[in-house]
There are 2 protein chains.
Amino acid sequence: MPREIAERKDIIPVLGEVFREHGYSGTSLSEITLRTGLGKSSLYHFFPNGKKEMAEAVLDHITDWFEQNVFMPLRDSDDPVSGLRKMFREVDRYFYSGKRICLVGAFALDDTRDHFEARVNDYFSTWTITLAQSLKRKGLGTRVARDTAEDIVSGIQGALVLARSQDDPKVFTRTLKRLQDRLA
Amino acid sequence: MPREIAERKDIIPVLGEVFREHGYSGTSLSEITLRTGLGKSSLYHFFPNGKKEMAEAVLDHITDWFEQNVFMPLRDSDDPVSGLRKMFREVDRYFYSGKRICLVGAFALDDTRDHFEARVNDYFSTWTITLAQSLKRKGLGTRVARDTAEDIVSGIQGALVLARSQDDPKVFTRTLKRLQDRLA
DNA sequence: TTAAAACTGTACTGGTCGTTACAGACTAGA
DNA sequence: TCTAGTCTGTAACGACCAGTACAGTTTTAA
């Protein structure tokens with residue numbers, strides 16, 4: 001019964017990039033039709049609840065990616081140090097070494113957050129908590145681990161803001177490196 | 001000739017809060033008329049170039065505030081340490097201890113930045129450079145001063161993102177305190 | 001009191017917004 | 001083939017968008 005040539009999951013990364021460029025409220029359906037090559041009827045076929053459902057799918061996709069490539073290694077590595085190394089490597093890769101922003105962070109800043117509250121909250125709290133536990137296994141005390149995790153996650157977010165404000169991705173890679181070096 | 005009861009400058013802080021809540025593209029003129037109590041004709045009287053000019057006025061107002069309350073103390077304090085202390089105090093006050101976001105940072109993330117490129121860039125580069133020079137006067141080497149300044153400015157931005165994502169201003173105050181303590 | 005300028009209310013422009021309705025085309029399994 | 005389900009193009013919906021036109025009111029300075 002299904003055709004499934006252009007699958008729903010193929011569209012989601014494109015949606016992600018469009019939301020990154022224009023923000024949630026700045027993204028129009030006509031822009032989405034342009035970028036995905038899908039007409040409105042197709043979009044509403046895949047996402048019956050419209051724009052909101054598209055953004056939810058994107059956020060879920062991001063969370064899945066981080067779960068797979070960042071959180072799981074942090075949790076499951078035999079050696080916490082190698083888990084941390086993997087985190088920094090994957091984060092650098094995900095954000096294209098500072099050329100790509102964090103959509104969840106961008107959504108967090110204005111009232112877009114209110115529409116995706118649980119997802120935005122989960123993304124950052126899972127990251128912070130998982131990272132703190134990894135740091136504990138590395139030998140840090142509970143409080144220091146928590147503080148350091150907070151410093152790292154917010155440091156990454158801030159570096160993305162700063163890098164884009166200066167249109168200079170190196171700001172991100174520099175800051176990321178310093179965050180990593182502080183652990184050594 | 002002028003009436004000047006509701007002056008242009010009285011409107012700007014209100015505009016700032018509206019842009020903070022909804023973002024630039026998410027802010028409609030009708031929302032602005034509601035919040036300012038001014039009709040469209042009055043708004044276009046004060047800001048002939050419309051929404052864009054309103055945002056420019058807000059950004060200029062923010063930059064002026066930081067120049068006055070943050071950058072100048074950093075530059076002009078006899079003792080760099082007291083200038084730094086003042087910076088952290090004023091930053092905490094300005095962002096309502098984590099309950100208020102940084103509009104310039106929010107604008108930096110999506111294509112809003114492209115409309116206000118120079119202002120967004122200036123705000124962050126002035127902050128970073130001024131802070132680095134203050135740290136140099138405190139005794140840090142050129143490179144360390146620059147790196148530390150970058151860490152602090154991006155740390156503040158990231159803490160604002162993280163605090164709002166968790167709807168927990170304490171994340172901001174905690175992080176701000178740690179950034180300050182690292183200098184001691 | 002007069003004139004010029006500052007300000008504002010009302011109504012409207014053309015356009016775009018997100019969403020829906022619906023018929024038709026396509027595809028897969030029977 | 002038939003049929004059920006998947007997908008899509010077209011056209012329209014009412015609502016709202018940013019911006020404008022313009023006459024009218026209020027204020028100020030002379």
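Lettering follows sequence order; numbering is per chain, from 1.
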Can you tell me the distance, in whole Å, between the [atom1] atom of [X] and the [atom2] atom of [N]?
X     : N      : atom1 : atom2 : result
B:F19 : D:dA18 : CZ    : C1'   : 12 Å
A:L34 : D:dG9  : CG    : P     : 13 Å
A:E7  : D:dT6  : CD    : P     : 14 Å
A:R8  : D:dT6  : CZ    : P     : 14 Å
A:I11 : D:dC7  : CD1   : P     : 9 Å
B:F46 : D:dA18 : CZ    : C1'   : 19 Å
B:L43 : C:dT10 : CG    : P     : 15 Å

Quick one: is B:H45 getting a side-chain N or O under 4.0 Å of the C:dA6 phosphate, OP1 or OP2? no
Phosphate-side-chain proximity, B:S41 and C:dT8, N/O vs OP1/OP2 below 4.0 Å: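 Result: no.
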Only one of B:I11, B:T27, B:I12, B:L29 clears side-chain contact (heavy atoms from CB on, under 4.5 Å) with B:M54; which?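 By the side-chain contact (heavy atoms from CB on, under 4.5 Å) criterion, B:M54 pairs with just one of B:I11, B:T27, B:I12, B:L29: B:L29.
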Should the pair [X] and [Y] be assigned to parallel (<30°), tilted (30 to 60°) or perpendicular (>60°) ring geometry?
X     : Y      : result
B:F71 : B:F66  : tilted
B:Y24 : B:H115 : tilted
B:Y94 : B:W65  : tilted

For the hydrophobic clusters of this structure (ILVMFWY residues joined by side-chain heavy atoms under 4.5 Å, transitively), does one cluster hold both B:V144 and B:L135?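 They do share one cluster, since a chain of ILVMFWY contacts under 4.5 Å joins B:V144 to B:L135.
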Quick one: pull up CG in A:L183 and CG in A:D151 and give me the separation to the nearest 0.5 Å.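 Between atom CG of A:L183 and atom CG of A:D151 there are 10.0 Å.
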Output one letter per nucleotide in nucleotides 11-19 of chain C: B when a protein non-hydrogen atom lies under 4.0 Å from the base, S when only the sugar-phosphate is that close, - when neither is. ------SBB
